[in-house]
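Data block below; observations after.
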Amino acid sequence: MRIRTRFAPSPTGNVHIGNIRAAIYNWLFARHEGGEFLLRIEDTDLARSTPEAVRTVLDSLAWLGLTVDNEPLYQSTQRERHLEVAEELLSKGAAYREDRGGTGRGEAVVFKMPGCDITYDDLIKGPITKKAADLKDFVIVRSDGSPVFHLGNVVDDITMGITHVIRGDDHVENTFKHAAMYAAIGAPPPRFAHLPMIVNAQGKPYSKRDGDAYVGEFQEKGFLPEALFNALALLGWSPGDDREILTREEMIEAFTLERVRSSPSQLDMTKLLWFNGQHLKRRAPEEQVAGYVAALRQQGLWREDISEDYLRAVIACMGERVRLYSELGEQAAYFFTEDYVYDEKSVRKRLLKEGALGILREELSALEAVGEPYTAANTEEALRALAEQTGRTMGDMVHPVRVAVSGTAVGPGLFELLATLGRARVLARIRRTLEKFETQE
RNA sequence: GACCCCAUCGUCUAGAGGCCUAGGACUCCAGGUUUUCAUCCUGGCAACACGGGUUCGAUUCCCGUUGGGGUCGCCA
């Protein structure tokens with residue numbers, strides 16, 4: 001039989017990482033088995049299910065590359081089918097009408113539990129049994145005639161031909177109800193697998209106050225979809241060897257439900273950042289450009305006259321110092337503005353030290369003497385010659401220039417930095433720095 | 001409260017009775033490389049919640065305790 005899984009979110013706004021992780025596992029499982037991954041929008045709560053909310057769900061799936069094999073089934077379109085099944089259940093005696101609690105609201109349709117213990121074999125947790133005494137009848141159609149979640153969920157899974165229901169831990173109790181309904185309807189039940197919850201940094205369930213809980217937040221912060229995918233997939237699942245950085249294909253290849261853990265876990269932001277850095281450096285340079293431009297634009301550092309060649313040079317220059325697009329602007333705004341800040345500590349240590357400004361002035365002459373092309377090799381040669389002449393170390397040479405042209409003591413190799421910045425900028429910045437601090441001394 | 005689930009370094013995890021003086025990753029620390037930082041290399045700190053069993057032998061199996069979580073709706 002062809003494997004079929006589904007993701008069945010109720011579109012109530014942003015998609016939580018716990019839910020998207022369930023979607024990832026459904027997708028991975030279906031792809032691994034050569035089956036299908038379907039989407040159902042559980043939009044019966046019309047008040048909360050807006051078109052924008054549906055859009056958000058679709059966007060999140062698309063962003064993460066979770067390709068769906070069907071046109072999404074909107075649960076609200078299935079209402080008649082749900083009610084039909086309720087009638088069948090009624091006529092079979094598997095359900096009855098009752099004014100629950102005698103509220104006078106009218107009669108609801110109540111599903112009758114079979115009166116025996118129910119056991120189902122969870123693909124992740126193993127067999128779980130519930131005693132008959134702990135199983136209560138429940139409403140499947142409200143007194144106003146609308147179907148309840150349990151009815152719609154089961155009926156839709158049957159009509160969609162779902163073979164494996166992979167969902168959050170919070171549904172285990174429902175599974176006994178659902179299993180009983182499959183039996184009453186006379187449909188073969190799917191296999192169930194319940195994923196442990198993802199908890200917040202305090203090890204507690206997520207609350208509205210917690211940040212970093214929704215897919216959109218990571219997207220906005222500039223995380224790479226493949227990095228979030230990878231990190232989330234490895235929360236609760238592992239390939240069985242020591243691999244951590246995996247491509248989608250490698251995960252599909254290795255994914256099995258047997259290797260999913262049954263204890264909750266938390267998403268560590270520091271490690272997520274590491275995942276991002278790893279995936280970032282695996283991206284082709286041309287793929288990176290757009291991401292950097294978007295981040296720089298957001299930071300107000302982008303100007304349309306900046307050439308792509310220049311940006312590429314900057315990216316190459318910064319190398320693995322950047323793990324997230326936004327870190328480029330944070331760490332090295334000086335590539336994009338003349339108005340960079342002079343880090344106070346760096347200035348004190350490298351420029352205001354005895355004789356530093358004198359050295360810098362000598363270096364200015366040496367660097368002025370270097371013509372185009374202003375390559376790393378050429379500028380290095382000039383400063384090496386100066387160091388030899390004056391009996392100084394390269395350290396003495398490098399530090400003042402670095403602070404002068406970038407305002408900070410940390411960054412890429414100095415000569416790559418100079419070559420990237422270009423002759424005009426370098427000389428202008430050194431002159432300006434000299435002016436600024438010589439008068440200050 | 002009742003029922004169900006969970007429990008290995010700070011975090012993510014490997015481990016399915018002896019291969020474990022418990023392995024890997026992130027973070028952190030030290031050293032090396034480098035003009036600085038980052039990368040990279042080397043090394044280090046750090047865990048089987050507790051108590052009983054079962055067994056020649058338990059991180060691994062069973063029971064209990066403790067702790068955490070889920071569910072108890074005419075919500076989904």
Side-chain angles (χ1 to χ4, degrees), chain A residues 8-12 42-45 47-49 75 98-101 103 105-110 122 124-126 128-131 133-136 138-150 152-153 168-177 194 196-197 199 201 203-205 231-232 234-245 258-259 261-275 277-278 281 318-323 327 331-332 346 349-350 380 383-384 387 393-403 406 408-415 417:
Chain A
S10 46
T12 55
E42 302 211 330
D43 59 345
T44 51
D45 187 349
R48 286 195 292 173
S49 304
Q75 187 161 62
E98 183 189 64
D99 180 9
R100 277 220 149 176
T103 53
R105 271 183 290 180
E107 293 195 318
V109 179
V110 181
D122 195 290
I124 291 172
K125 297 168 160 319
I128 306 177
T129 299
K130 202 84 175 174
K131 295 248 175 28
D134 297 320
L135 267 7
K136 294 191 299 196
F138 56 97
V139 172
I140 54 176
V141 180
R142 298 185 188 87
S143 49
D144 68 0
S146 61
V148 169
F149 163 75
H150 302 293
N153 195 268
D169 235 0
D170 48 336
H171 282 293
V172 298
E173 303 292 329
N174 292 334
T175 305
F176 300 97
K177 297 177 181 175
H194 288 94
M197 310 300 256
V199 295
K204 298 287 179 186
L232 250 20
L234 283 247
L235 265 197
W237 170 79
S238 65
D241 46 43
D242 287 334
R243 287 179 296 167
E244 300 249 30
I245 302 299
E258 293 75 62
R259 294 203 58 80
R261 279 172 60 86
S262 52
S263 51
S265 51
Q266 36 185 279
L267 180 62
D268 180 42
M269 291 305 286
T270 309
K271 187 154 186 178
L272 177 61
L273 208 50
W274 173 77
F275 269 111
Q278 292 297 312
K281 74 179 183 186
M318 288 299 286
E320 298 184 5
R321 270 160 273 257
V322 174
R323 293 175 302 177
E327 287 184 343
Q331 289 178 21
S346 302
K349 187 169 175 196
R350 303 300 192 189
E380 177 163 7
L383 291 194
R384 268 195 201 286
T393 67
M394 279 307 275
D396 296 330
M397 297 289 108
V398 161
H399 299 306
V401 179
R402 174 193 304 288
V403 178
S406 72
T408 171
V410 303
L414 178 69
F415 304 107
L417 174 58

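In what follows, chains are A, B, ... by sequence order, proteins preceding strands, each numbered from 1.
When both pairing distances are held under 3.5 Å, B/A30 makes a Watson-Crick or G-U pair with B/U42. Using N1 to N3 plus N6-O4 or O6-N4 for Watson-Crick, or N1-O2 and O6-N3 for G-U wobble, each under 3.5 Å, B/C74 pairs with nothing. Using Watson-Crick or G-U wobble geometry with both donor-acceptor distances under 3.5 Å, B/G51 finds its partner in B/C63. In this entry B/C37 has no Watson-Crick or G-U wobble partner, no candidate having both defining distances under 3.5 Å.
Residues that satisfy the side chain to side chain contact (heavy atoms under 4.5 Å, CB included) test with A/Arg323, not counting sequence neighbours, are A/Leu273, A/Glu327. In this structure A/Thr175 satisfies the side chain to side chain contact (heavy atoms under 4.5 Å, CB included) test together with A/Tyr120, A/Arg167, A/Phe192, A/His194, sequence neighbours excluded. Looking at residues two or more places apart in sequence or on another chain, you find a ring pair (Phe, Tyr, Trp, His ring centres under 6.0 Å) between A/His171 and A/Phe149.
Among the nucleotides B/C12, B/C6, B/C40, the one closest to the side chain of A/Leu235 is B/C12. Residue A/Glu320 places its side chain closer to B/U39 than to any other of B/U39, B/C6, B/G10. Comparing B/C4, B/C26, B/U35 by their closest approach to the side chain of A/Arg402 singles out B/U35.
Distance A/Glu258 CD to B/G15 C1': 17 Å, rounded to the nearest Å. Protein atom CE of A/Met269 is 21 Å distant from nucleotide atom P of B/G10, rounded to whole Å. The separation between A/Gln331 atom CD and B/C37 atom C1' is 9 Å, rounded to whole Å. The distance between atom CG of A/Leu135 and atom C1' of B/C4, rounded to the nearest whole Å, is 11 Å. Atom C1' of nucleotide B/C37 and atom CE of A/Met318 are separated by 9 Å, given to the nearest angstrom. A/Phe275 has its CZ atom 16 Å from the P atom of B/U11, to the nearest Å. Protein atom CZ of A/Arg323 is 10 Å distant from nucleotide atom C1' of B/A38, rounded to whole Å. Straight-line distance from the CG atom of A/Leu267 to the C1' atom of B/U27: 14 Å, rounded to whole Å.
When all heavy atoms of A/Asp99 and A/Gly106 are compared, the pair lying nearest together is OD1-O, 3.2 Å. In terms of heavy atoms, A/Arg259 sits closest to A/Pro239 at NE-C, 3.6 Å. When all heavy atoms of A/Val199 and A/Lys204 are compared, the closest pair comes out as CB-O, 3.3 Å. The two atoms that bring A/Met318 and A/Pro412 nearest to each other are SD-CG, 3.7 Å, heavy atoms only. Contact record, A/Ser265 with A/Gly236: OG-N, 4.4 Å, taken as the closest heavy-atom pair. Contact record, A/Asp170 with A/Asn174: O-ND2, 4.4 Å, taken as the closest heavy-atom pair.
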Check: What string of B, S and - do you get for nucleotides 41-50 of chain B, 5' to 3', when a contact is any protein heavy atom under 4.0 Å?
Finding: ----------
Notebook entry, point to check: Base, backbone or nothing for each nucleotide of nucleotides 64-76 of chain B, written B, S, -, heavy atoms under 4.0 angstrom, 5' to 3'?
Noted result: ----SSBSS-BSB
Next item on the list: Sugar-phosphate atoms are those with a prime plus P, OP1 and OP2; base atoms are the rest. Using that split, label each nucleotide of nucleotides 17-24 of chain B B, S or - for protein heavy atoms under 4.0 Å, 5' to 3'.
Entry: -------B
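Nucleotides B/G15 and B/C61 place their C1' atoms 15 Å apart, quoted to the nearest Å. One C1' atom belongs to B/G52, the other to B/A46, and the distance between them is 29 Å to the nearest Å. For the C1' atoms, the distance from B/U42 to B/G10 is 24 Å, rounded to whole Å. B/G18 sits 35 Å from B/C3 when the P atoms are compared, rounded to a whole Å. With C1' as the reference atom, B/A49 and B/C6 are 13 Å apart, rounded to whole Å. Between B/C50 and B/U55, the distance separating the two P atoms is 23 Å to the nearest Å. Distance noted for atom P between B/U39 and B/C29: 11 Å (whole Å). The gap from the P atom of B/G44 to that of B/A25 amounts to 12 Å, rounded to the nearest Å.
Base engagement by A/Leu414 is indicated by at least one non-hydrogen atom pair under 4.0 Å involving a base atom. Within 4.0 Å (heavy atoms only), A/Gly319 reaches no atom of the nucleic acid at all. Within the nucleic acid shown, A/Gly413 comes within 4.0 Å of at least one base atom, counting heavy atoms only. Contact annotation for A/Phe415: base contact, defined as any heavy-atom pair under 4.0 Å involving a base atom.
For A/Val398 and A/Ile128, each mapped to the nucleotide of RNA chain B holding its nearest heavy atom, the one lying further toward the 5' end belongs to A/Ile128. Mapping A/Gly411 and A/Leu272 onto RNA chain B by nearest heavy atom places A/Leu272 closer to the 5' end of the strand.
A donor N or O paired with an acceptor N or O is not found under 3.5 Å between the base of B/U39 and the side-chain atoms of A/Arg321.
Between A/Leu267 and A/Leu235 the shortest side-chain heavy-atom distance falls below 4.5 Å. The side-chain heavy atoms of A/Arg100 and A/Arg105, taken from C-beta on, include no pair separated by under 4.5 Å. In this structure the side chain of A/Phe275 never reaches within 4.5 angstrom of the side chain of A/Asp268, judged on heavy atoms.
Between A/Arg259 and B/G15 there is a side-chain polar atom (N or O) within less than 4.0 angstrom of OP1 or OP2. Residue A/Thr270 has no polar side-chain atom (N or O) positioned under 4.0 Å from OP1 or OP2 of B/C26. The side chain of A/Arg261 places an N or O atom within less than 4.0 Å of a non-bridging phosphate oxygen (OP1 or OP2) of B/A14.
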Next item on the list: Start with the C-alpha distance between A/Arg142 and A/Ser146, add both sets of side-chain angles, then the distance that settles side-chain hydrogen bond (donor to acceptor under 3.5 Å, both in side chains), and finish with yes or no.
Entry: CA-CA 5 Å; A/Arg142 298 185 188 87; A/Ser146 61; 2.8 Å; yes
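No donor-acceptor pair under 3.5 Å is formed between the side chain of A/Arg384 and the backbone N or O of A/Met394. Listed for the A/Gln331 side chain is a donor-acceptor partner under 3.5 Å among the backbone atoms of A/Arg321.
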